[in-house]
Amino acid sequence: MRSIAAFTVLAFLSLFLAACGGGADEPAPTTDNTNGTDSSGPQRQVVVYTSADDYVARTVVDAFEVRTGIEVLLVGDTEATKTVGLYRRLLDEQGAPRADVWWSSEPFYSVRLAEAGVLEPFTAEQAEADFGGAWPFTARASDETWYGFGRRARVIAYDTRKLEPDAVPTTLFELAEPAWERKVGIARPEFGTTVGHLAALVHLWGPEPTRSWLMAMEANGLRMYDSNSAVVRAIVDGEIEIGLTDTDDVWVGQAAGWPVGLVYESSQVESGFGATPETVAPLMPFGPLTIPNTVGRVRGGPNPGEAAEFLEFILSAEGERLLMGSDSRNVPVRLDLAAELFAEHPAAEIPEPAEPDLEAVARSIDDAVSIAKDVLGI
């Protein structure tokens with residue numbers, strides 16, 4: 001997947017020049033941050049820290065810039081650690097924020113940023129009007145600091161040259177069976193959606209069952225890679241036959257003509273009940289974990305008015321349509337748009353999705369990382 005780390009230097013150079021203004025006799029440009037309107041004529045800007053892949057971010061940003069005339073300065077990090085790297089940067093800058101918007105490709109560190117006070121409550125009134133003034137509660141922070149949208153899912157990817165779909169395991173504990181010895185790969189469970197997936201296991205199964213499963217995987221020759229996209233690449237290169245990854249990594253691989261398919265995890269959770277520690281027994285399959293993008297406004301950011309405009313756009317029907325039309329095929333929270341996506345790409349429909357409490361999952365990350373370090377030595 002393509003990284004947007006290259007934007008970092010340019011973004012901070014632009015910020016430096018904007019702060020310095022013109023010559024000695026020329027006042028620095030100002031922006032009316034109350035209503036987001038330009039009060040003196042210079043280019044309006046919004047600084048977005050994002051862990052979204054470049055091709056996804058640019059799909060939205062280019063359209064927003066054309067629509068509003070607001071310049072978006074994107075700041076990213078290296079692919080393997082970008083969410084955690086940006087999370088730490090935002091914590092470091094909390095006393096003097098440089099970012100206006102936090103746009104993450106997953107929810108777990110958005111929860112942690114909110115709890116650290118980095119994000120401020122915000123209501124996207126125009127976007128929420130599509131839902132009668134109430135965003136779907138499974139995709140909204142309890143303290144109203146972030147929104148979820150454009151969902152992906154955790155899946156089991158496989159080599160279509162070697163396996164038929166009905167031969168691919170659909171439960172996590174099957175991956176530890178002898179038939180799959182040294183044939184399974186995952187991204188290192190320290191960052192991104194992989195650590196989020198492990199944290200979901202800790203939350204729903206409990207720490208010790210999760211540890212037991214991971215130990216069985218390690219004993220069965222589990223192979224680790226630097227990213228979810230690297231897991232897909234390893235399947236294509238014949239290093240492994242199956243791997244845990246995200247839907248978008250498979251869709252992008254298929255768009256490139258790679259021999260990779262996916263199956264969704266099965267569920268034994270009673271229909272009509274969500275995945276909770278009370279409804280999910282240890283090691284019970286609970287269905288595919290859904291991973292929404294999340295977005296929020298940075299508390300004390302330099303351009304709050306422009307940030308509000310960006311948030312309204314990315315959360316709008318137009319913003320969700322742009323994301324679902326990209327190679328990532330992010331599933332909209334708007335049901336009518338989701339139906340359009342599924343009509344064109346039936347495999348994008350997530351069957352019996354698990355929708356656990358994302359905030360509770362995020363609070364299990366430290367335990368998940370600790371277990372991974374103990375078992376896998378990462």
Under 3.5 Å, is there a donor-acceptor pair between the Glu359 and Ser142 side chains? yes
Under-4.0 Å salt bridge between Arg161 and Asp159: yes
What I want to find out is whether Arg321 reaches Glu340 closely enough, with some N-O distance under 4.0 Å, to be called a salt bridge. yes
No-hydrogen, no-angle side-chain donor-acceptor test under 3.5 Å, Tyr158 and Glu164: no
cation_pi(Arg297, Trp146) dist<6.0 Å, angle<=45: no
Passing candidate, side-chain hydrogen bond (donor to acceptor under 3.5 Å, both in side chains) with Arg152, options Asn293, Asp248, Asn330, Thr247: Asp248
The test is salt bridge (Lys or Arg N to Asp or Glu O under 4.0 Å); show your working for Arg223 and Glu218 and say whether it passes. CA-CA 8 Å; Arg223 306 183 72 169; Glu218 169 71 1; over 6 Å; no
When you measure from the side chain of Thr59 to the backbone N and O of Leu322, does any donor-acceptor pair fall under 3.5 Å? no
Assess, by modelled atom type and distance only, whether the side chains of Trp102 and Ser110 contain a donor and an acceptor separated by less than 3.5 Å. yes
Which residues satisfy the side-chain hydrogen bond (donor to acceptor under 3.5 Å, both in side chains) test with Thr171, sequence neighbours excluded? Glu174
Lys/Arg cation over aromatic Tyr147: Arg140, 6.0 Å, 45° cone: yes
Show your reasoning for whether side-chain hydrogen bond (donor to acceptor under 3.5 Å, both in side chains) applies to Arg154 and Asn228. CA-CA 10 Å; Arg154 293 290 290 172; Asn228 289 313; 3.1 Å; yes
Short side-chain donor-acceptor distance under 3.5 Å, Gln45 and Glu71: yes
Heavy-atom check, side chain of Leu289 versus side chain of Pro356, under 4.5 Å: yes
Could you check if a side-chain atom of Tyr109 sits within less than 4.5 angstrom of a side-chain atom of Leu86, using non-hydrogen atoms only? no
Does some side-chain heavy atom of Glu128 sit less than 4.5 Å from a side-chain heavy atom of Glu312? no
Less than 4.5 Å apart, side chain to side chain, heavy atoms only: is that true for Arg112 and Asp366? yes
Tell me if the CE atom of Met224 is crowded by more than 12 foreign heavy atoms within 6.0 Å. yes
Check against salt bridge (Lys or Arg N to Asp or Glu O under 4.0 Å), Glu239 and Arg233: CA-CA 9 Å; Glu239 295 178 14; Arg233 182 76 251 186; over 6 Å; no
Would you say the side-chain atoms of Ser227 pair up with the backbone N or O of Ala230, donor to acceptor, closer than 3.5 Å? yes
Got a salt bridge between Arg67 and Glu318, using NZ or NE/NH1/NH2 to carboxylate O under 4.0 Å? yes
With heavy-atom distances below 4.5 Å as the criterion, would you say the side chains of Arg89 and Val75 are in contact? yes
Under a 4.0 Å threshold between the charged nitrogen and the carboxylate oxygen, would Arg88 count as salt-bridged to Asp92? no
Just by modelled atom types, is the Leu119 backbone N or O under 3.5 Å from a matching donor or acceptor in the Arg299 side chain? yes
Parallel, tilted or perpendicular: which describes the rings of Trp103 and Phe310, with under 30° parallel and over 60° perpendicular? tilted
Verify whether one side chain among Thr276 and Asp357 offers a donor that lies under 3.5 Å from an acceptor in the other. no
Are any side-chain N or O atoms of Thr68 and backbone N or O atoms of Ile70, one a donor and one an acceptor, separated by less than 3.5 Å? yes
Please report the C-alpha distance between Glu352 and Tyr264 in whole Å, then the side-chain angles of each, then the deciding distance to 0.1 Å, and finally whether the side-chain hydrogen bond (donor to acceptor under 3.5 Å, both in side chains) criterion is met. CA-CA 9 Å; Glu352 298 185 90; Tyr264 293 95; over 6 Å; no
Just wondering, are more than 12 heavy atoms of other shown residues or ligands nearer than 6.0 Å to CD in Glu65? yes
Please indicate whether Lys162 has more than 12 foreign heavy atoms, meaning atoms of other residues, nucleotides or ligands, lying under 6.0 Å from its NZ. yes
